[in-house]
Amino acid sequence: MSQVMFDLDVLRSFSTGIALGSYARAADRLGRSTSAVSAQLKKLEAQAGTALFRKAGRGLELTDAGETLLAYAHRMLELNEEAGAAMRGADLQGWVRLGLQEDFGETLLPAVLGRFSRAHPKVRIEACVARSAELRERLELRQLDLALVWDTGEQMTPHGERVARLPLQWIGPRAPDALDAPWWKERERRGRAGKTREPLPLVLLDAPCPLREIVTAALDRAGTPWRHAFTSASLAALWAATSAGLGLSVRTPFGLPAHVRAIDRTAVGLPALPQMSLMLYRAQATAEAPVGRLATLLLEAVRQHVQPESAQLH
């Protein structure tokens with residue numbers, strides 16, 4: 001049996017189409033004709049020896065084999081880029097001070113730092129995982145070169161770019177029996193009306209926290225009574241309290257641990273919540289080479305993480 005050698009150029013077209021939700025847009029992004037990209041995909045399916053797409057309404061979606069190949073495509077393209085970056089930046093030296101919120105420490109940091117350090121072993125990275133207020137202060141004092149933070153509408157350095165915009169969600173425990181408290185049973189019983197006398201217990205970060213104000217304001221507008229059931233400076237502690245059924249928390253889908261889940265708010269009469277913008281801020285408009293390289297890796301990692309797990313193509 002002959003060994004299959006996947007073409008990186010074809011894999012790039014494949015993964016770009018999934019990321020953009022359209023192979024027509026992928027062709028435009030990659031500077032190719034739509035027919036050329038279509039021919040690449042046929043070649044890829046022939047190499048894989050199985051169907052990678054199936055019909056989904058008027059569009060296409062990935063088969064299980066397509067999902068598997070997409071994961072490998074990301075790894076192969078990342079490794080190829082990492083090798084190229086290592087050759088181009090073998091002598092890159094310096095120091096990068098990176099700030100992240102707790103949502104991203106475990107989700108992004110290991111993979112991004114691993115890729116960066118392998119490609120640029122002479123660059124030193126100092127990472128600070130803290131809450132948004134502290135990261136903003138450090139950035140303004142030039143104690144950080146980069147900061148990945150949620151936009152709370154506060155005035156910030158102009159050297160920023162929006163990475164993603166994600167919805168805030170009501171978060172509860174994964175285990176069904178964790179929500180066995182009277183306040184939850186009454187809310188489930190009343191359903192969409194959601195008018196209960198039992199205050200909604202909230203699991204939120206300590207003040208000052210802009211998210212606390214967003215959540216309580218939404219509940220007040222909806223006429224929903226609430227109470228603080230658990231507060232902490234640690235996001236990990238919030239997830240533990242939420243998982244135990246002490247109350248509901250609020251966060252974006254980014255980096256949710258396995259023991260919590262998003263709650264269907266309409267089924268229990270909870271108000272809608274706004275979206276949050278994720279921003280990458282730089283201390284200076286023109287960054288030094290190591291800072292620029294790390295910023296590129298962060299942007300790629302975040303956008304790949306927030307990409308829908310099963311994109312439908314049109």
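Side chains included, hydrogens not; waters and symmetry mates left out as well; all remaining heavy atoms used.
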For the pair V291 and Q284, evaluate side-chain contact (heavy atoms from CB on, under 4.5 Å) and give the outcome as yes or no after the intermediate values. CA-CA 10 Å; V291 176; Q284 302 180 60; over 6 Å; no
Tell me whether [Y] is reachable from [X] by hopping between hydrophobic residues (I, L, V, M, F, W, Y) whose side-chain heavy atoms are closer than 4.5 Å.
{"X": "Y23", "Y": "L8", "answer": "yes"}
{"X": "L30", "Y": "I18", "answer": "no"}
{"X": "V10", "Y": "V4", "answer": "yes"}

How long is the gap from [atom1] on [X] to [atom2] on [Y], to the nearest 0.5 Å?
{"X": "K42", "Y": "Q47", "atom1": "NZ", "atom2": "CD", "answer": "15.0 Å"}
{"X": "Q93", "Y": "E288", "atom1": "CD", "atom2": "CD", "answer": "12.0 Å"}
{"X": "R162", "Y": "L280", "atom1": "CZ", "atom2": "CG", "answer": "13.5 Å"}
{"X": "L248", "Y": "W226", "atom1": "CG", "atom2": "CH2", "answer": "14.0 Å"}
{"X": "T252", "Y": "Q169", "atom1": "OG1", "atom2": "CD", "answer": "7.5 Å"}
{"X": "K55", "Y": "L60", "atom1": "NZ", "atom2": "CG", "answer": "5.5 Å"}

Hey, which of [options] is the one that makes side chain to side chain contact (heavy atoms under 4.5 Å, CB included) with [X]?
{"X": "D151", "options": "P210, S132, S277", "answer": "S277"}
{"X": "S13", "options": "Q40, R29, K43", "answer": "Q40"}
{"X": "R136", "options": "L141, V149, L144", "answer": "V149"}

Is [Y] close to [X] at the side-chain level, that is, under 4.5 Å between some pair of heavy atoms?
{"X": "V163", "Y": "L298", "answer": "no"}
{"X": "L278", "Y": "L166", "answer": "no"}
{"X": "T63", "Y": "T50", "answer": "no"}
{"X": "E300", "Y": "E78", "answer": "no"}
{"X": "F14", "Y": "L77", "answer": "no"}
{"X": "L204", "Y": "C209", "answer": "no"}
{"X": "D145", "Y": "L294", "answer": "no"}
{"X": "L20", "Y": "D28", "answer": "no"}

Go through the steps for T16 and V37 under the test side-chain contact (heavy atoms from CB on, under 4.5 Å), then give the verdict. CA-CA 11 Å; T16 302; V37 171; over 6 Å; no
Exercise: identify the closest heavy-atom pair between [X] and [Y]:
{"X": "C128", "Y": "E134", "result": "SG-OE2, 4.3 Å"}
{"X": "L135", "Y": "A130", "result": "CD1-O, 3.6 Å"}
{"X": "A218", "Y": "A272", "result": "CB-O, 4.2 Å"}
{"X": "A283", "Y": "L139", "result": "N-CD1, 4.0 Å"}
{"X": "A229", "Y": "P201", "result": "CB-CB, 3.5 Å"}
{"X": "Q101", "Y": "W150", "result": "OE1-N, 2.8 Å"}

Note: with side-chain heavy atoms under 4.5 Å as the link, the other cluster members for L246 come out as I171, V203, L205, F230, L235, L238, W239, L256, V260
Residues at least two apart in sequence or cross-chain that pass side-chain hydrogen bond (donor to acceptor under 3.5 Å, both in side chains) with T231, listed by chain then number, are D206
Assess whether atom CZ of R12 is packed by more than 12 heavy atoms of other residues, nucleotides or ligands within 6.0 Å.
no
- Take atom CZ in R227; do more than 12 heavy atoms of anything else shown fall under 6.0 Å from it? yes
**Worked verdict on L69 versus F6 for side-chain contact (heavy atoms from CB on, under 4.5 Å)** = CA-CA 10 Å; L69 184 58; F6 288 108; 4.2 Å; yes
_Can a side-chain donor-acceptor contact be found between S234 and S232 if the only test is distance below 3.5 angstrom?_
no
Next item on the list: Hey, can you tell me if F104 and F254 have their rings parallel, tilted or perpendicular (30° and 60° cut-offs)?
Entry: perpendicular
Problem - Verdict with reasoning, L211 to L168, per side-chain contact (heavy atoms from CB on, under 4.5 Å) - result: CA-CA 9 Å; L211 196 55; L168 287 173; 3.5 Å; yes
